[in-house]
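The basis for the numbers below is simple: all heavy atoms, side chains too, and nothing from hydrogens, waters or symmetry mates. Letters go in sequence order (proteins before strands), and every chain restarts at 1.
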Protein chains: 2
Amino acid sequence: MGATKTEHFTDKQNDIATLSKALGHPARVAIIDYLLSVDACICGDIVNELPLAQATVSQHLKELKNAGLIKGSIEGNAICYCIDEKALQKMQQYFAKVSDRLARKKSKC
Amino acid sequence: MGATKTEHFTDKQNDIATLSKALGHPARVAIIDYLLSVDACICGDIVNELPLAQATVSQHLKELKNAGLIKGSIEGNAICYCIDEKALQKMQQYFAKVSDRLARKKSKC
DNA sequence: GTTTAATATTGCAATATTACGATAGTATTT
DNA sequence: AAATACTATCGTAATATTGCAATATTAAAC
């Protein structure tokens, strides 16, 4: 074996897992951080910001894009990446709900 | 190669990545969901809740514990698992901050 | 002390991820 | 059209993850 058994879990669980997995690498968290720090959708220079080879960064960007966390649009001979708010809102809402439920729990450990 | 280059990223980035990675599998999201749904720290029966073999569930629990998302305390001949609020609060705060920064961004795509 | 119940660990096979050099593609510039 | 700049993809090696059967561990119950 080795393949994840996604079919046994709910869509919501698979959804949160997919987004979490995409953020499960420091380089990808760093990319999100960088896209947040520049007040614009950035064309190019993400590669220069990260201590990784261009091919590796490209792969990380692809994963973030596949998970729906960022979008890229072609802008001349460069590509303009920016954060997809919807996905991050989904995460925010999930953890807000979790925190809320934790606060209501009577029996703590 | 193949090993993650954690040393090139900030502690905060590695921290969020570690927690995200731990939630990057539907079974582990399901475990968190289940621990939230029962208003108690559960001893046993997590295995029965999941469509996976006991050994596999045990492994997932170990990963959640290593990431600091859950804690387990021995309770007789069973083990009592419960959510570690601190880790989930950290995630909640991170995404709240991200959402806040997104809301302030002037230039959208 | 032996059985029983609940978890953990080990060992292994299948698959996925991470990283990078080399190369290809695409659009601008000259 | 050739050179340049930016990004994606391919190929490959190293490592990590997923899943489970089998086995170990641990503590209660008998």
With a 3.5 Å distance limit and no angle check, can you tell me whether A:S99 reaches the backbone of A:F95 through a side-chain donor-acceptor pair? yes
For A:K65 and A:K21, take the nucleotide of DNA chain D holding the closest heavy atom to each; which residue's nucleotide lies nearer the 5' end? A:K65
Under 4.0 Å between a side-chain N or O of A:T56 and OP1 or OP2 of C:dC20? yes
Would you find a donor on one side and an acceptor on the other, under 3.5 Å apart, between the side chain of A:S20 and the backbone of A:A17? no
Which nucleotide in the set D:dC20, D:dT18, C:dA8 lies at the smallest distance from any side-chain heavy atom of B:R28? D:dT18
Between A:N14 (side chain only) and A:T6 (backbone N and O only), is there a donor and an acceptor less than 3.5 Å apart? yes
Gap between atoms CG and P, on B:L52 and D:dA21 respectively (whole Å): 11 Å
Would you please confirm or rule out a distance under 4.0 Å between OP1 or OP2 of C:dT17 and any side-chain N or O of A:H60? no
Kindly check if the number of other-residue, nucleotide or ligand heavy atoms within 6.0 Å of NZ (A:K97) is above 12? no
Confirm from the modelled atom types if B:Q59 and C:dA8 form a donor-acceptor pair under 3.5 Å, side chain to base only. no
With a 4.0 Å limit, can you tell me whether A:Y81 has a side-chain N or O closer than that to the phosphate oxygens OP1/OP2 of D:dC6? no
In whole angstroms, how far is the C1' atom of D:dA5 from the CD1 atom of A:I46? 16 Å
Report the residue (B:K62 or A:Q54) whose heavy-atom-nearest nucleotide on DNA chain C is the more 5′ of the two. B:K62
Atom pair distance, as rounded to whole Å: NE2 in B:H25 and P in C:dT17: 11 Å
Should the ring pair A:H60 and A:H25 be called parallel, tilted or perpendicular, given that the plane angle runs from 0 to 90° and is split at 30 and 60? tilted
Answer with base, sugar-phosphate or nothing: what part of the nucleic acid does A:A55 contact at a heavy-atom distance below 4.0 Å? base
Using whole Å, report how far CD1 of A:I79 lies from C1' of D:dA5. 13 Å
Give the rounded distance in Å between these two atoms: CG of B:L64 and C1' of C:dA8. 15 Å
What is the distance from CG of A:N14 to P of D:dT18, rounded to the nearest Å? 13 Å
How close or far is atom P of C:dA16 from atom CG of A:N66, stated in whole angstroms? 14 Å
Integer-rounded Å distance: D:dC6 C1' and A:E49 CD: 16 Å
Taking only N and O in the side chain of B:S58, is any of them less than 4.0 Å away from OP1 or OP2 of C:dA8? yes
